[in-house]
Amino acid sequence: MSFVWFWTFWHWSKESFREGSLLRSPLHGIGGHWDEWYRHEASESDHEAIAKTGRSEASQRQFISWLLLHWAGETELRANRQAHRFVLGQIAHLEPFKHWAAFEKYRASYGIGGISAVVLAEGSPGKPEDVRAVEALALTADPTASAIVAEGFQADSIELETPRSAVASMLGGKGLLVFLTLWLASGKRAYPRWLEIVLSLGWVAVAGLILYLAAGPDPGEGLIFLCGTLFALWSGLILVAATQAATQTIRAWQQGRKWCARLEQSQVRLRMDGGLTIKGGSAGLPFCLNALHSLYRANSHADRRSWLWERLFHKLRGESQAWAATGSITAEGFLKPVMLEAKLRACLQSEGIKHVLTPRQHGGGRKAVYRLADARGASPKQTAPTPPCSVKVRLGFAAEEPCLRVHPCRHVAQALMRLGEFNSKRQLALNFFAVATSVAMLIALRDLKAILLPPPSPMVVAPSSPLPDYLWVSLDTMHPDQFLVVLESSYWLNRRAELSPRVGAHGPPRAEIHLQRSEAASTTDQEDGTVWIERRYQFLGREFAPGRHIGRYDVSYLNRIGHE
């Protein structure tokens, strides 16, 4: 009950807005509403209660804690976790709060952090103060104001609307498609460590089995078992990979679409102190990234089901103070070149900045950082004998990390990949290996099917050969390449023959065996002999040992079939 005066103000503001005496909503006009209420509407008891709260810094902090934890949760603003910070930031500059010590940090910042923008002051060669902190808040839309508002600086509307359009693209348009494609190609997966190891070993096992079946010793009786193991293992790996990719992609798309819809119903407030008038769009990239982050912070945890977005913004929440960005942006999320050298110089001199996102252009990258660092070290004003970043690696127990890492990007999606630390050379190599292995498997699928699910045993059909020195074996089958015909005889030379494709328009596949008398014939019966039908097993062009016999016919029967 110590802060009932703030409830009194809040209800007065809502009722006055409902009646039309106030033109702006209670949230967006809270600064002006408070000033009017405090000066003209507050009672003597309200003024005494406010003065009592402000007598000590402890009671001031108690009021701030109450406003953050209780008041914000009991009003209609509870759905937006950034609204209470906006309230504190607005009233911190007004009577009597501008004299309260506990409000000091809210006068210069909303306290939410963000990726810094590198904006050069006019004529600046690149100084630490050119790296400017940017904060973004996503509030409910204000019908009386723009969808995106600048605080602490001025910019053309197009310079603000373009980053907002890029945010919409990253949440539910082509930008999101680019991001998901990059993640599928080389991004870390939401696997526990043990599962990553198992999957990697699984792909190695698949490749090993393919090589063994294609070039190793003939497996003999174990052929069907090895082929079954290969197909089951490959299918399982494909199922796991496809399920993971589909699940994360769908969840990221669904969450992105929700945030995109909320972006249309929100006002994004970008805060960058300094009073600059921005010319050009080089701050478009940090504006876009911070606006994107503001949508995540504004909504409750109940909506967060996407591992991709969670990982990205979890990294940002803890490390955004170490990142800076510069780059002109298009509505589709592509980055355009900017003047870079002076901005890299500013980042080198700025304490706490370890990473900078830039467009991919000439004059950027690690070499430019080393060159600027060496030039800075050679400056007369620099008292240290060695530059902060050295091209040469210093020998010792560990090599020093560069003082500033530049991340060139062509698209905002690449910036998100770097911010979320999704890029993984190991995953890229594994994906390439898995794709190559899967291509080999797809080529071999027909051979595996013939081994694991062989076609039914064929029947011998007419016609028989009209020539006495030829034996025709015609089979009723649609898969002639999966069978062999074997002649065993005491009079004729033994032969193994392949089936030719269909003869004529409607003729069945047949094997034509040229009969030649054996020099060691043990009989004079020209119709002596047996014809066996064998299954034929192949894998990627390799012929295995003949399979089991599935049919037996006498030569005499084959010579007369169709003539009886």
Side-chain angles (χ1 to χ4, degrees), residues 114-120 130-138 146-151 153-182 256 259-260 263-264 266-272 276-296 309 312-313 316 320 323-344 346-347 355-365 406-420:
I115 297 173
S116 299
V118 189
V119 181
L120 299 176
D130 293 327
V131 180
R132 307 172 190 275
V134 177
E135 294 179 306
L137 289 173
S146 303
I148 184 165
V149 177
E151 292 186 22
F153 68 99
Q154 296 180 357
D156 293 338
S157 59
I158 188 64
E159 305 298 343
L160 299 178
E161 284 297 333
T162 301
R164 186 177 182 275
S165 299
V167 172
S169 177
M170 293 305 305
L171 292 175
K174 294 181 180 179
L176 178 58
L177 183 61
V178 174
F179 175 52
L180 293 176
T181 301
L182 290 175
W259 285 340
C260 189
L263 176 65
E264 297 299 322
S266 300
Q267 180 191 73
V268 177
R269 304 183 70 91
L270 294 171
R271 178 169 181 170
M272 183 173 66
L276 292 177
T277 298
I278 294 182
K279 299 295 184 181
S282 64
L285 178 58
F287 287 170
C288 173
L289 295 174
N290 284 297
L292 186 63
H293 195 189
S294 70
L295 292 170
Y296 170 85
W309 292 120
L312 169 65
F313 293 122
L316 270 180
S320 61
W323 287 82
T326 183
S328 182
I329 195 171
T330 68
E332 293 77 25
F334 291 97
L335 301 182
K336 297 186 291 185
V338 296
M339 187 174 63
L340 199 55
E341 182 174 330
K343 296 179 179 181
L344 292 179
C347 290
H355 305 271
V356 57
L357 296 164
T358 69
R360 187 176 293 276
Q361 65 183 77
H362 180 72
V406 179
H407 304 273
C409 307
R410 298 187 187 276
H411 195 275
V412 178
Q414 291 178 295
L416 297 186
M417 290 288 290
R418 286 165 172 78
L419 287 168

Say whether, by atom type as modelled, one donor and one acceptor occur between the side chain of Gln267 and the main chain of Ser146 under 3.5 angstrom. yes

Might you confirm whether atom CD of Gln154 has over 12 heavy atoms from other residues, nucleotides or ligands at distances under 6.0 Å? no

If I take atom CG from residue Leu289 and atom CG from residue Leu312, how far apart are they, to the nearest 0.5 angstrom? 8.5 Å

Go through the steps for Met417 and Phe179 under the test side-chain contact (heavy atoms from CB on, under 4.5 Å), then give the verdict. CA-CA 8 Å; Met417 290 288 290; Phe179 175 52; 3.8 Å; yes

Taking every non-hydrogen atom, the tightest pair across Val118 and Cys347: CG2-SG, 3.6 Å

Taking the side chain as C-beta and beyond, is there a heavy-atom pair between Leu263 and Val268 under 4.5 Å? yes

Identify the heavy atoms of Ala346 and Asp130 that sit nearest to each other, and give their distance. CB-CB, 4.1 Å

Does Ser169 use its side chain to pair, donor to acceptor, with the backbone of Gly175 at less than 3.5 Å? yes

Spacing of Ser116 atom OG and Glu135 atom CD [to the nearest 0.5 Å]: 10.0 Å

How far apart are the C-alpha atoms of Leu416 and Leu292, what are their side-chain angles, what is the distance that settles it, and do they pass the side-chain contact (heavy atoms from CB on, under 4.5 Å) test? CA-CA 10 Å; Leu416 297 186; Leu292 186 63; 4.0 Å; yes

Just wondering, do Lys336 and Thr330 contact through their side chains at under 4.5 Å, heavy atoms? yes

Quick one: closest heavy-atom pair of Phe313 and His293, and the distance? CD2-CD2, 3.4 Å

To the nearest 0.5 Å, how far apart are CD1 in Ile115 and CG in Leu285? 7.5 Å

Between CG of Leu177 and NZ of Lys174, what distance do you get to the nearest 0.5 Å? 9.5 Å

Test side-chain contact (heavy atoms from CB on, under 4.5 Å) applied to Glu159 and Phe287, step by step: CA-CA 10 Å; Glu159 305 298 343; Phe287 287 170; over 6 Å; no

Answer yes or no: is there a side-chain heavy-atom contact under 4.5 Å between Gln414 and Leu335? no

To the nearest 0.5 Å, what is the distance between CH2 (Trp259) and OG (Ser294)? 10.5 Å

Separation between CG of Leu295 and CG of Asn290, rounded to the nearest 0.5 Å: 11.5 Å

Can you tell me how the ring of Trp323 sits relative to the ring of His355, calling it parallel under 30°, perpendicular over 60° and tilted otherwise? parallel

Is a side-chain donor or acceptor of His411 paired with a backbone partner of Glu332 at a separation under 3.5 angstrom? yes

Flag, side chain of Arg132 to backbone of Val119, donor-acceptor distance under 3.5 Å: yes

Exam field: side chain Gln361 to backbone Val338, donor-acceptor pair closer than 3.5 Å: yes

Lys343 and Ser282 side chains, donor-acceptor separation under 3.5 Å: yes

Grab the two heavy atoms, one from Arg418 and one from Cys409, that are nearest each other, plus how far apart they are. CD-SG, 4.0 Å

I would like to know whether Val167 and Cys288 meet side-chain contact (heavy atoms from CB on, under 4.5 Å); could you show each step before the answer? CA-CA 6 Å; Val167 172; Cys288 173; 3.8 Å; yes

